[in-house]
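Please read these numbers as outputs of a predicted model, since none were measured by experiment. Letters A, B, ... are given to chains in the order of the sequence lines, protein chains preceding strands, and every chain is numbered from 1. Scope of the values below: all heavy atoms of this structure, side chains included, with no hydrogens, waters or symmetry mates.
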Amino acid sequence: MEIVIDNDDIIIKKLENFDPEHIFECGQAFRWDREEDGSYTVVAFNRVLNVLKVGEDVIFRNTNLEDFENIWKNYFDLNTEYKAIQETFNSDETMKKCIEYGDGIRILQQDEFETIISFMISANNRIPQIKKSIRLICEKYGNFIETYNNRDYYSFPTPSELSICKPEDLREHCRVGFRDERIYKVANMIENGEFPFYDLKNKTREEIRDTLITLPGIGEKIADCITLFGYDKKDSFPVDVWIKRVMETLYFGKEVKKKEVSDLGRDKFGKYAGVAQQYLFYYGRENKIGK
DNA sequence: TGCCAGGGGTTCA
DNA sequence: TGAACCCCTGGC
């Protein structure tokens with residue numbers, strides 16, 4: 001990896017399988033803004049970063065080498081060879097087409113607590129609304145980080161910071177609707193040690209999923225999303241209405257039960273089913289497959 | 001301008 | 001298994 005440092009910019013030359021648009025627009029993260037120059041500003045781990053792809057190079061702005069090495073390298077999963085993952089799908093012509101379309105997608109290594117709350121908010125919700133609720137929660141319960149491109153950025157609250165919330169504030173001020181009590185309960189269960197949040201990290205996909213599902217507001221789909229996006233379990237295959245539609249159109253040729261979709265997804269794509277899911281999602285949503 | 005359907009899911013009956 | 005749930009947007 002060839003790194004060039006230029007003031008507050010870190011430039012990675014010829015960075016393969018990396019496209020900010022595909023990374024952020026495939027439904028795995030909600031704390032980003034698209035800028036006029038086509039770059040993306042993202043806030044994570046108490047930092048604000050701007051990412052721009054220029055030809056084969058990627059420019060990471062508003063950061064330094066130390067943060068790049070300690071935070072962003074891991075956040076963007078740069079130690080994983082996506083080319084090798086893609087090759088495991090080589091025998092699947094349909095998937096090859098999806099990869100061609102969505103190449104550059106990476107599974108972000110996001111904060112566990114933020115991922116839990118964010119995907120609880122995603123239940124029966126739309127992306128703009130999810131982003132708005134999360135932004136309001138950060139502004140109300142997180143801490144100010146900095147102003148970048150005329151926008152104020154706040155950290156995502158810790159379990160402790162969010163545990164002092166009132167359900168009515170979550171509803172009325174943060175616009176989370178019927179998810180208010182659930183979020184309040186989960187933050188407090190974690191803060192009070194009533195949920196083994198800090199023991200989950202080294203468990204298997206199944207163990208994490210089964211534990212998460214015991215929380216209010218977390219069912220199968222959201223538990224699968226959290227294991228994939230918050231715990232880096234790449235064999236997780238979340239099935240939402242988009243994945244169901246895409247798989248029905250591209251693989252089944254008819255309507256099937258949700259369980260059939262998740263079974264086929266994990267059988268077919270194995271230990272990288274979650275990466276395949278992201279290619280399918282991006283391809284399906286951008287092309288409105290099945291709609 | 002105003003009404004209404006529906007959404008990347010979970011819960012409860 | 002199916003209806004209800006809050007908020008917001010888009011279509012008419």
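- For A:Tyr153, the OH atom counts as densely surrounded, since its 6.0 Å shell holds more than 12 non-hydrogen atoms of other residues, nucleotides or ligands.
- What separates CZ of A:Arg245 from P of B:dG9 is a distance of 9 Å, to the nearest Å.
- Distance noted for atom P between C:dC6 and B:dG2: 23 Å (whole Å).
- Residue A:Phe178 is not grouped with residue A:Met120 when hydrophobic side chains (ILVMFWY) are merged at heavy-atom distances under 4.5 angstrom, including chains of intermediate members.
- When heavy atoms are screened at a 4.0 angstrom cut-off, A:Gly217 is found touching the sugar-phosphate backbone but no base atom.
- Using Watson-Crick or G-U wobble geometry with both donor-acceptor distances under 3.5 Å, B:dC12 finds its partner in C:dG2.
- In this structure, A:Ile137 atom CD1 and C:dC6 atom C1' are separated by 14 Å, rounded to whole Å.
- Straight-line distance from the CD1 atom of A:Ile130 to the C1' atom of C:dC7: 12 Å, rounded to whole Å.
- Atoms CZ (A:Arg182) and P (C:dC7) sit 13 Å apart, rounded to a whole Å.
- Here A:Arg126 lies in heavy-atom contact (under 4.0 Å) with a base.
- Nucleic acid contact for A:Arg285: base, since at least one base atom lies under 4.0 Å from a heavy atom of the residue.
- Ring centroids of A:Phe18 and A:Tyr82 are separated by 6.0 Å or more, keeping the two rings apart.
- A cation-pi arrangement is present between A:Lys131 and A:Trp32 under the rule of less than 6.0 angstrom and at most 45 degrees off the ring axis.
- Considering only side-chain atoms of A:Lys221, the nucleotide from C:dC8, B:dT10, C:dC5 that sits closest is B:dT10.
- Neither OP1 nor OP2 of C:dC6 sits under 4.0 Å from any side-chain N or O of A:Arg175.
- Along DNA chain B, the nucleotide nearest A:Gly219 and the nucleotide nearest A:Gln129 are compared for position; the residue whose nucleotide lies closer to the 5' end is A:Gln129.
- Between A:Arg171 and A:Glu181, no side-chain nitrogen of the basic residue sits less than 4.0 Å from a carboxylate oxygen of the acidic one, so the salt-bridge criterion is not met.
- Where A:Ile218 and A:Trp242 each meet DNA chain B at their nearest nucleotide, the meeting point lying more 5' is that of A:Trp242.
- Checking B:dG9, C:dC6, B:dG6 against the side-chain heavy atoms of A:Ile222 singles out B:dG9 as nearest.
- If you take OH of A:Tyr184 and P of C:dC6, they are 19 Å apart, rounded to a whole angstrom.
- Considering only side-chain atoms of A:Arg171, the nucleotide from C:dC7, B:dT10, B:dG7 that sits closest is C:dC7.
- Residue A:Ile243 is out of contact with every strand shown, counting any heavy-atom pair closer than 4.0 Å.
- Between the CE atom of A:Met120 and the C1' atom of B:dT11 there is a distance of 12 Å, rounded to whole Å.
- Counting non-hydrogen atoms under 4.0 angstrom, A:Pro216 reaches the backbone sugars and phosphates but no base.
- A straight line from CG of A:Asn124 to P of C:dA3 spans 15 Å, rounded to a whole angstrom.
- The residue A:Leu215 sits close only to the backbone: its heavy atoms come under 4.0 Å of sugar-phosphate atoms, none of a base.
- Between A:Lys257 and A:Glu172, the residue whose closest nucleotide on DNA chain C is further toward the 5' end is A:Lys257.
- What separates NZ of A:Lys132 from C1' of C:dC6 is a distance of 12 Å, to the nearest Å.
- Taking atom P in both C:dC7 and B:dT1, one finds a spacing of 23 Å when rounded to whole Å.
- Remark: A:Lys53 does not engage A:Asp57 in a salt bridge, criterion side-chain N to carboxylate O under 4.0 Å.
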